[in-house]
Amino acid sequence: MSVRTRFAPSPTGYMHIGNLRTALYEYLIAKANNGDFILRIEDTDQKRFVEGATDIIYSTLKRVGMLWDEGPDIGGNFGPYIQSERKPIYAEYAHKLVELGGAHYCFCSKEQADEEKDEEQNIKFEDPCKRIPLEEAKKRVAAGEPFVIRQTINKKGKSKYHDEVYGDIEIDYDELDEGVLLKSDGFPTYNFANVVDDHLMQITHVVRGNEYVSSTPKYNLIYESFGWTPPHYVHVPPVMKDAQHKLSKRNGDASFQDLVAKGYLPEAIINYIALLGWNPGDDREIFSLDELKKVFSIERLNRSPAIFDIVKLTWMNGQYIRQLSEDEFFAYAEPYLKQTLTRNVDIKALARVLQPRLEVFSDIPSQIGFINNVAEFDTTLYINKKMKTDQAVAKQALAFALERLKTVNDWSNDNLFAELKALAEEKGLKNGQIMYPVRIALSGRETTPGGATEIAVIIGKNETLRRIENALERL
RNA sequence: GGUCCCAUCGUCUAAUGGUUAGGACAUCACCCUUUCACGGUGGUAAUAUGGGUUCGAGUCCCGUUGGGAUCACCA
């Protein structure tokens, strides 16, 4: 039997990182086994539905290259793939489950049910409707009385099942809640819809957050009543924001689209989150999606929560940026460059010096601001012990450099560097005693992307000479 | 509170019951260098805690502590 996994998000907003990681694991399990990855939209709660959320799901999965084999937009043999379009199916199976004894009609209002519960004394909700004879209940349903269908749990003792990550799990049947399966509006709850759909869609591996570990026995009971075989369960620990809080959209924690907007590459994000809770068993860390397909295995999934570390993601993003070809890098960087530059400069040369030192694209504006104009700076900037420079050395060096640069016509980095190096030698100075002051004069900043001559090439000859003259006036 | 789950450097993690407890990020130092980076080399840094089993425990068992999850007509 071929492996079939499903990603089943509810369209309630943007794609958060934990969700994306679950999708990734689903995808990898399927693809590592030559199986199918199915996309199903769980929109049974109309109150939480957010317009456009489905499109975000589509675009995110496409952007990272996790293409689905069946789904709402492309169809498949097990559709429809949107739960709201499957409403009659759930009703049919819910009533069937009642006949099979796995559920019963309940006429209590939500308020009544709440009152029955006493959380203080840990008394569970004992639904009085359980005792209504089926024939009588059916009559009331037929008569149009509002009802829900509630799971019936009469079993005693321990429920056991195997989880691929957590191992064997045992939970007492008494702990299980007789939850609502079919709501009064006719929609199923997750508790029911996921079982019916996973079975009908022949899902073999269910990956979901470990908050479902303790409710899984309820689902198994449903499978049992219908005589169906439950899937393999792969419960994964949450992705945390810190030691005690999950990453959540409510807190405004980073979503996939937030990260992309900040200049993180989708490939780097996928690579990073794959490693949050999974490892390949060796020291390798950089993996493309295709490479992950080859090495991924359920056995190496971790049981404990992992804290999302933006610092490491940032490092990894830097690795990916460096792997980009010059053209690819330019394509990503161009919008940021154009948005901040007010001066006409050699934008390609600028991109070249930026690529090896950038970790996130959103750092570009702050890194290249000096290209537009040189901010006021204190002349103590010229003091650098290692370069053996100070204001006096700078004054001399800049004067020499100005004089020499005026005569240079081949304004390439190689030539400029050669000229200034030769100049230093002629004047009996160290390279740094020329280069450092020139760079400061051109940028007004202690740190810059690129060295003195690289900056000179980018801003051009006229501007270079003008900036050196200005700097000299202030010394 | 009941139940379930989890626990190795600050963070992500590795370690058939036998290693000087390994790697990566971060951090520090040095090297490279026209700055800053990149890159390279090295350092600091961990088995929550108490018992037990064993010749030997990060690893197995029990307790403690700490953390998380769950107990919805949300998923």
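Chain naming here is simple, since letters A, B, ... match the order of the sequence lines and numbering starts at 1 in each.
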* To do: Mind checking ring pair (Phe, Tyr, Trp, His ring centres under 6.0 Å) for A:H205 and listing every partner two or more places apart, or none if nothing turns up?
  => A:H232
* Does the side chain of A:R208 come within less than 4.5 Å of A:T216's, by heavy atoms? -> yes
Of the nucleotides [options], which one has an atom closest to the side chain of [X]?
{"X": "A:V213", "options": "B:rC4, B:rC73, B:rC6", "value": "B:rC4"}
{"X": "A:S304", "options": "B:rC6, B:rC73, B:rA26", "value": "B:rC6"}
{"X": "A:R357", "options": "B:rA75, B:rC25, B:rA37", "value": "B:rA37"}
{"X": "A:N431", "options": "B:rU34, B:rC73, B:rA37", "value": "B:rU34"}
{"X": "A:D177", "options": "B:rU35, B:rC71, B:rC5", "value": "B:rC71"}
{"X": "A:S184", "options": "B:rA15, B:rC5, B:rC73", "value": "B:rC73"}

For [X] and [N], give me the distance from atom [atom1] to atom [atom2], rounded to whole Å.
{"X": "A:F287", "N": "B:rG23", "atom1": "CZ", "atom2": "C1'", "result": "13 Å"}
{"X": "A:I273", "N": "B:rU13", "atom1": "CD1", "atom2": "P", "result": "13 Å"}
{"X": "A:D185", "N": "B:rC73", "atom1": "CG", "atom2": "P", "result": "12 Å"}

* Asked: Of the residues in residues 189-200 of chain A, which ones touch RNA chain B at a heavy-atom distance under 4.0 Å?
  -> A:T189, A:Y190, A:N191
* Asked: Which ones in residues 377-394 of chain A lie close to RNA chain B, meaning a heavy atom under 4.0 Å from one of its atoms?
  -> A:K386, A:M387
Of all residues at least two apart in sequence or in a different chain, which pass the side-chain contact (heavy atoms from CB on, under 4.5 Å) check with [X]?
{"X": "A:K246", "result": "A:E211, A:P238, A:M240"}
{"X": "A:D172", "result": "A:K158, A:D174, A:E175"}
{"X": "A:S362", "result": "A:K262, A:Y336, A:V360"}

* Asked: Does A:N194 reach the main-chain N or O of A:Y190 with its side chain, forming a donor-acceptor pair under 3.5 Å?
  -> yes
* Comparing A:I171 and A:F308 on RNA chain B - which has the more 5′ nearest nucleotide -> A:I171
* To do: With RNA chain B as reference, determine whether A:D168 or A:A306 sits nearer its 5' end, using the nearest nucleotide of each.
  => A:D168
* Structure fact -> In short, A:C129 meets A:F107 closest at the heavy-atom pair SG-N, 3.2 Å
Residue list, salt bridge (Lys or Arg N to Asp or Glu O under 4.0 Å) with [X], at least two apart or on another chain:
{"X": "A:E267", "value": "none"}
{"X": "A:K312", "value": "A:E285"}
{"X": "A:R303", "value": "none"}

[atom1]-based separation of [M] from [N] [nearest Å]:
{"N": "B:rC6", "M": "B:rU59", "atom1": "C1'", "answer": "16 Å"}
{"N": "B:rU64", "M": "B:rA7", "atom1": "C1'", "answer": "13 Å"}
{"N": "B:rA37", "M": "B:rC74", "atom1": "C1'", "answer": "48 Å"}

Is [X] near enough to [N] that one of its side-chain N or O atoms lies under 4.0 angstrom from OP1 or OP2?
{"X": "A:R284", "N": "B:rG23", "answer": "no"}
{"X": "A:Q319", "N": "B:rG39", "answer": "yes"}
{"X": "A:K183", "N": "B:rA75", "answer": "yes"}
{"X": "A:N279", "N": "B:rU13", "answer": "no"}

* Per-pair stack call A:F417 and B:rU34, 5.5 Å, 30° -> yes
* To do: Considering only NZ, NE, NH1 and NH2 on the basic side and carboxylate oxygens on the acidic side, decide whether A:R474 and A:E376 come within less than 4.0 Å.
  => yes
* To do: Would you mind listing every side-chain hydrogen bond (donor to acceptor under 3.5 Å, both in side chains) that reaches into residues 437-448 of chain A, with sequence neighbours excluded?
  => A:R439-A:T448
* Structure fact -> Residue pairs passing the ring-ring contact (aromatic ring centres under 6.0 Å, His included) test with at least one member in residues 149-169 of chain A, sequence neighbours excluded, are A:Y161-A:Y233
Using nucleotides 68-70 of chain B, report all nitrogen or oxygen pairs with the protein that are shorter than 3.5 Å.
none

* Assigned glycosidic conformation for B:rC71 [threshold 90° from 0] -> anti
